[in-house]
Amino acid sequence: MSNGTDPEAAAGSDEREAAAPKGSPTVESNNGGGGGGTNRGPYTGVGHYQTHQHHHHQIMSTSVEEVDEQQVLVESGGGGGDGGTQKVKTNHLSAQTYKNLHEFSEEMLETEKAGLVERVYDLERQVLEHKDEIVCLKSTLADVLRRLATIDNAYEHSTSGSGRGGTGTVAGGGASNVATLAGQGMVGDNVGTAVSGQNSLSSKSFRFSRNTLTRLNSSVEEKRFGRVPSRVTSSPSRIKTTLAQKAIHYSNGSLHSDSLSSHSISPAPSPSPKQPNASTTAHHALLASSGMGKRWSSTGDFVSTPGSPSGTGSTGSMSRFSAKSLLNLSGHSSRQGNSHPYVQRKNDDDEYVKLYISGRPIVIHIPEAQLPTYDLTKVQPAPNRRLRLDWAYGYRGKDCRSNLYQLPTGEMVYFVAAVVILYNMDEHTQRHYLGHTDDVKSLAVHPNKLLVASGQCGGTEGRESLPHILIWNSVSLATLNQIGCGEFTGAINCLSFSRADSGNILAAIDDSPDKIISIWDWQKKEGGRKITETKCSVDTVVAVEFHPLDKGQIITIGKNHIAFWSLDQHGMLYKRMGVFESFEKPKYVTAISFTQTGDVVTGDSSGNLAVWKRGTNVISRFLKKVHEGPVFTICALRNGGFVTGGKDGLLLLFDDALHMKADQIVEEHFGAVRVVAQGKGSQLLIGTTKNCILSGDFTLSLVPIVMGHTDILWSLATHPQVAQFVTGGKDRLLQLWDSLSHSVVWSKDIGEPIHSVQITNGGEVVVVGGAVGRWSVFDIVTRELLATYTDGQDVIQCMQFSPDGNLLALGSKDNCIYIYQCTKVPHRFSKIGKCTGHSSFISHLDWSKDSQVLRSNSGDYELLYWNPTLCRQITSQSMVKNLEWATQNCSVSFNTIGIWPENFDGTDINSVCKDGEEQFLVCADDFGKIRLFSFPASQPKSLSHSYRGHSSHVTAVQFMHDGVRLLSAGGLDTSVLQWRVV
């Protein structure tokens with residue numbers, strides 16, 4: 001050919017070029033001086049990784065073939081003296097071309113792989129963002145429905161007087177109960193007959209919210225359990241059976257509350273409520289006589305069936321109409337004479353009875369007005385009114401982690417004692433989940449942000465008080481499932497829903513000696529299904545978390561360890577311990593979170609932060625001494641950044657690359673940072689080790705929104721004129737509270753434990769009883785210490801002002817009562833003398849209404865009477881048995897015979913009180929219960945309503961000055977619960 005190219009070589013080259021894939025590079029070699037090897041056609045990468053690998057293989061094959069063939073062509077075409085040189089040059093050129101092609105291909109593979117990984121991360125991030133948006137939309141809908149129900153209740157409340165002939169309270173409660181049944185799919189369309197006579201606008205609005213709630217709950221049931229609940233349209237008896245089978249734990253303020261006058265929000269601060277008129281009582285009687293009282297009143301009337309997810313009374317209320325009361329009712333006719341197992345009266349002529357407490361007989365004289373009619377076999381009914389939890393003061397941050405979350409509906413969820421609280425900071429309202437029977441120790445929110453899991457420790461009252469987990473709906477407060485009752489031996493101190501599979505499974509840590517980790521399919525009914533369990537660690541475990549992106553990946557942290565767990569398809573758990581290599585191994589790994597790309601971020605007891613690469617158990621990045629002391633919490637922000645908090649009280653803000661951007665200090669008296677949660681926008685919610693919750697951000701100061709005590713709460717006293725009360729305890733804090741705004745007016749550390757408190761009748765000063773016989777007087781406005789007095793060397797157990805405000809009695813642990821005269825100066829007291837005669841410490845004091853006689857109880861259940869001006873004991877019963885008493889603090893008296901069950905020890909009842917109009921008697925016991933009786937409870941068979949909420953011994957109960965609100969103080973649970981008579 002004219003260009004000197006071998007025709008066969010050219011033809012072979014053309015055939016190879018035609019056979020090569022489109023876009024593949026080809027190499028040409030020219031034997032003459034006019035050409036050389038050239039790269040024709042640039043490499044065009046494709047999006048798919050496998051396609052790119054195929055192209056890479058073709059490129060390599062073609063290149064090798066061309067190099068071999070070019071070598072053959074050169075050898076056959078070469079001639080003359082320069083043939084060897086030309087052959088070497090051509091081989092060198094071909095090898096260089098092959099090397100360039102290989103490097104170019106490898107570079108393209110790496111680039112394509114990196115791009116693919118970035119695109120996968122972007123897709124994962126977008127999916128999570130879309131999930132969050134869907135959750136927000138669902139939660140917003142749920143909040144709208146809750147508000148609609150609130151509006152319905154308010155409208156029913158305002159119009160019920162003319163429509164139903166009763167008070168607004170009763171009618172409003174009726175609407176709430178209809179909403180309850182409708183929301184559960186338990187009644188048909190004929191439920192409208194139960195609310196006939198109401199305004200048409202209200203009926204239309206109610207039907208809308210009822211049907212919408214029914215559809216919402218049906219869809220949730222169908223999604224969770226694969227079926228839609230049936231709607232029953234049968235007789236009232238069947239409805240009652242259905243209610244007993246499906247118990248609902250609700251707040252007195254829940255959407256689905258079935259309390260007689262429940263509302264979905266707590267009322268705003270307002271003047272004291274009025275007592276209901278006679279029509280209210282008549283309407284209650286009508287409901288009870290028609291059988292509707294059982295269906296529409298508190299679910300405390302229903303006795304839960306064994307194995308019911310609700311445990312005991314579904315509102316935290318347990319009526320004594322079950323068990324012992326029914327036994328007493330059925331058995332009294334067979335008794336011989338006028339006697340009772342623990343109260344005895346030999347014959348009807350006797351003017352006294354003997355009350356046996358812990359085997360010791362206590363003689364109590366019967367008032368003359370009741371002698372002709374008093375009969376031990378009579379049954380005193382429970383009052384026709386109930387208690388409803390109005391507000392819960394306190395927060396448990398001292399020894400619990402991961403227990404503060406912001407829900408999309410605007411409520412924050414946290415717990416104290418046995419109550420899980422849903423608090424709306426904007427509306428300043430609370431709702432309460434009351435399904436637990438003992439201390440709540442852990443909390444987890446489902447990825448859909450609507451369901452909540454809460455775990456409790458074990459109690460002492462049978463199977464229902466065993467450690468278990470409750471799954472419940474944060475909108476309706478209905479219990480969906482009870483998990484693990486009888487399966488755990490210690491408290492459930494850590495919980496976590498799976499996140500990569502939409503929350504189908506739940507992980508729990510049993511705080512038993514073996515520290516067991518268990519995995520549950522919580523959607524299975526009848527207690528869920530345990531997938532697997534295994535020993536987690538020999539040391540303390542402080543947190544368990546599912547990986548947000550990798551299915552079946554679990555991380556646990558605690559003392560001397562971080563463990564990476566894998567759950568396979570067969571339910572087997574595999575464990576890999578974290579390797580610190582050359583980095584400092586801490587004593588505790590104390591906090592955990594995740595980056596948006598799936599890396600694990602941990603904090604430790606030395607103040608360090610470590611980043612663990614996704615899918616590995618080794619550290620990829622280590623930040624030393626970020627905090628001075630342990631890192632207690634790491635909060636992942638929506639923008640990819642982090643907020644850390646520690647024992648040093650510092651809040652630190654990091655960007656997504658873990659570069660510190662800002663800091664904030666928490667004041668020392670609030671405590672160290674225990675947990676941080678992101679609220680609305682840039683707002684942060686901070687739980688502290690001194691049981692406070694703060695709100696703020698890095699630009700504004702932190703404001704306390706929840707405060708509480710941090711150690712055993714011993715004392716409580718109400719203001720005689722305004723809606724305020726004071727509390728004190730072992731933490732040395734004296735706190736003045738406002739019961740309308742539900743806030744702390746002031747708090748003061750007095751430097752010693754507080755065992756008793758009392759406010760003067762004029763409300764000017766607070767008297768505080770402390771240790772070693774010392775008691776102090778503080779100004780109620782300025783909290784200034786005004787005076788200090790000392791009587792004896794032991795604790796001042798109790799104190800009480802006389803009704804006329806002239807005398808003050810102090811009961812001491814040294815078995816003496818000290819009497820003081822009040823002066824015109826509120827903080828000046830003049831000692832009169834000391835009453836001696838008790839053989840044990842003074843536990844309770846009461847004054848007669850005329851301020852002339854004092855009575856007292858002691859630790860060995862004595863009941864003695866005193867002349868306070870002479871400091872002498874009154875032994876003549878005829879002088880005291882007919883007296884009327886201004887207060888009812890003494891638990892051993894004629895009016896409190898009925899509060900002592902047969903199996904109670906003398907120390908089981910800690911506090912008693914009555915309201916100002918003497919309608920109700922309330923007692924608090926060692927089992928965390930509040931019991932409401934009719935006053936007086938002088939019959940041994942006195943029935944009551946019982947309420948849960950506290951998880952420890954209740955140390956004090958007191959009615960407010962209006963007689964409608966009641967306050968109770970928990971001991972070890974450090975909470976104060978405010979109840980309302982409804």
Side-chain angles (χ1 to χ4, degrees), residues 393-394 667-671 690-692 701 703-704 706-792 795-802 804-812 818-832 956 958 960-961 967 969 974 976:
Y393 301 90
E667 296 179 28
E668 185 177 356
H669 62 272
F670 291 131
K690 289 190 176 180
N691 296 345
C692 300
S701 60
V703 178
V706 175
M707 295 184 67
H709 286 272
T710 60
D711 212 330
I712 301 176
L713 187 57
W714 279 321
S715 53
L716 166 72
T718 59
H719 197 289
Q721 300 170 5
V722 297
Q724 293 181 340
F725 61 96
V726 292
T727 57
K730 190 177 179 180
D731 58 0
R732 308 180 304 181
L733 287 179
L734 179 65
Q735 293 185 329
L736 176 68
W737 306 76
D738 187 283
S739 65
L740 296 181
S741 63
H742 307 117
S743 60
V744 174
V745 179
W746 53 256
S747 179
K748 183 180 181 67
D749 188 336
I750 70 167
E752 65 176 327
I754 300 170
H755 292 267
S756 57
V757 293
Q758 197 60 242
I759 301 177
T760 58
N761 294 4
E764 303 96 343
V765 298
V766 180
V767 182
V768 179
V772 297
R774 183 167 51 248
W775 55 282
S776 307
V777 185
F778 295 87
D779 189 284
I780 200 169
V781 177
T782 65
R783 53 185 157 175
E784 178 186 356
L785 176 63
L786 302 177
T788 300
Y789 301 85
T790 301
D791 288 291
V795 171
I796 303 298
Q797 295 277 109
C798 55
M799 54 182 63
Q800 192 71 38
F801 284 95
S802 62
D804 60 10
N806 291 327
L807 297 174
L808 170 64
L810 305 169
S812 175
Y818 299 90
I819 308 297
Y820 278 81
Q821 176 79 41
C822 302
T823 65
K824 293 183 179 180
V825 181
H827 63 275
R828 296 294 183 188
F829 299 91
S830 176
K831 188 172 182 178
I832 294 177
Q958 284 291 318
M960 299 291 292
H961 72 289
L967 296 164
T974 71
V976 177

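Each residue takes its place number in the sequence, starting with 1. What you see is a predicted model, and the numbers here were worked out from it, not measured in a lab. Just so you know, these numbers use all the heavy atoms, side chains as well, and skip hydrogens, waters and symmetry mates.
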From CG (Leu785) to CD1 (Ile750), nearest 0.5 Å: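 The CG atom of Leu785 sits 9.0 Å away from the CD1 atom of Ile750.
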
Pairwise side-chain contact, Thr760 with Pro826, heavy-atom cut-off 4.5 Å (strictly under):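 Thr760 vs Pro826: side chains apart.
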
Donor-acceptor contact present, side-chain Trp746 to main-chain Ile780, <3.5 Å: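 It does hold such a pair.
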
Backbone of Met799 reached by a side-chain donor or acceptor of Gln758 within 3.5 Å: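 Between the backbone of Met799 and the side chain of Gln758 there is a qualifying donor-acceptor contact (under 3.5 Å).
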
Exam field: side chain Tyr818 to backbone Ile832, donor-acceptor pair closer than 3.5 Å: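 Between the backbone of Ile832 and the side chain of Tyr818 there is no qualifying donor-acceptor contact (under 3.5 Å).
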
Qualifying residues under side-chain contact (heavy atoms from CB on, under 4.5 Å), relative to Val781, sequence neighbours excluded: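 Applying side-chain contact (heavy atoms from CB on, under 4.5 Å) to Val781 gives Asp779.
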
Test item: Ser756 side-chain N/O and Ile796 main-chain N/O as donor-acceptor pair under 3.5 Å: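 Answer holds: yes.
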
Backbone of His755 reached by a side-chain donor or acceptor of Gln797 within 3.5 Å: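 Flag not set: sc Gln797 to bb His755 has no pair under 3.5 Å.
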
pair Leu716-Leu967: side-chain heavy atoms closer than 4.5 Å: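 The answer is yes; the side chains approach within 4.5 Å.
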
Heavy atoms from other residues, nucleotides or ligands near NZ of Lys730 exceed 12 (cutoff 6.0 Å):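 No, not enclosed.
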
Considering all heavy atoms, the nearest His827-Ala787 contact: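 Between these two residues, the closest heavy atoms are O-CB, 3.8 Å.
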
OG on Ser830 to CD1 on Ile819, rounded to 0.5 Å: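 Here the rounded value is 12.5 Å.
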
Partner residues of Thr790 under the side-chain contact (heavy atoms from CB on, under 4.5 Å) criterion, sequence neighbours left out: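 By the side-chain contact (heavy atoms from CB on, under 4.5 Å) rule, Thr790 matches Arg774.
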
Geometric class of the Tyr393/His742 ring pair [parallel <30°, tilted 30-60°, perpendicular >60°]: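 It falls in the tilted class, 30° to 60°.
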
Nearest atoms (heavy-atom pairs only) where Gly751 meets Asp749: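 Smallest interatomic distance, heavy atoms only, reads N-OD1, 3.0 Å.
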
Non-hydrogen side-chain atoms of His961 and Pro720 separated by less than 4.5 Å: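 Side-chain contact under 4.5 Å: no.
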
pair Lys831-Asp791: side-chain heavy atoms closer than 4.5 Å: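 Side-chain contact under 4.5 Å: yes.
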
Donor-acceptor contact present, side-chain Thr718 to main-chain Met960, <3.5 Å: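 Such a contact is absent between Thr718 side chain and Met960 backbone.
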
Distance, nearest 0.5 Å, that separates CZ of Arg783 from CD of Gln735: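 Answer for the CZ-CD pair, Arg783 versus Gln735, is 10.5 Å.
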
Val768 side chain reached by Phe778 side chain, heavy atoms, under 4.5 Å: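 Side chain of Phe778 against side chain of Val768, heavy atoms only: contact under 4.5 Å found.
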
Over all atoms of both residues, closest heavy-atom pair of Ile759 and Phe801: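 Looking at all heavy atoms of both residues, the shortest contact is O-CD1, 3.8 Å.
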
Point-to-point distance, once rounded to the nearest 0.5 Å, from CG of Leu733 to OG of Ser747: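 Between atom CG of Leu733 and atom OG of Ser747 there are 4.5 Å.
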
side-chain contact (heavy atoms from CB on, under 4.5 Å) assessment of Thr974 paired with Asn691: CA-CA 9 Å; Thr974 71; Asn691 296 345; 3.9 Å; yes

If you look only at distance, which donor and acceptor atoms sit under 3.5 Å apart when one is on a side chain in residues 721-729 and the other is two or more places apart or in another chain?
| from | atom 1 | to | atom 2 | distance (Å) |
| --- | --- | --- | --- | --- |
| Gln721 | NE2 | Asn761 | O | 3.2 |
| Thr727 | OG1 | His709 | NE2 | 2.7 |
| Thr727 | OG1 | Trp737 | NE1 | 2.9 |

Salt bridge (charged side-chain N to carboxylate O under 4.0 Å, His left out) between Lys690 and Asp731, worked out: CA-CA 10 Å; Lys690 289 190 176 180; Asp731 58 0; over 6 Å; no

4.5 Å side-chain heavy-atom contact, Val976 and Leu713: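 Contact flag for Val976/Leu713 side chains = yes.
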
Residue pair Trp775 / Tyr820, side-chain heavy-atom distance below 4.5 Å: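 Yes - at least one pair of side-chain heavy atoms lies under 4.5 Å apart.
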
Rounded distance (nearest 0.5 Å) linking atom CZ of Arg828 with atom CG of Leu786: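 Atom-to-atom, Arg828:CZ and Leu786:CG are 8.5 Å apart.
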
Heavy-atom side-chain proximity of Leu734 to Ile754 below 4.5 angstrom: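 Answer yes - side chains close enough.
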
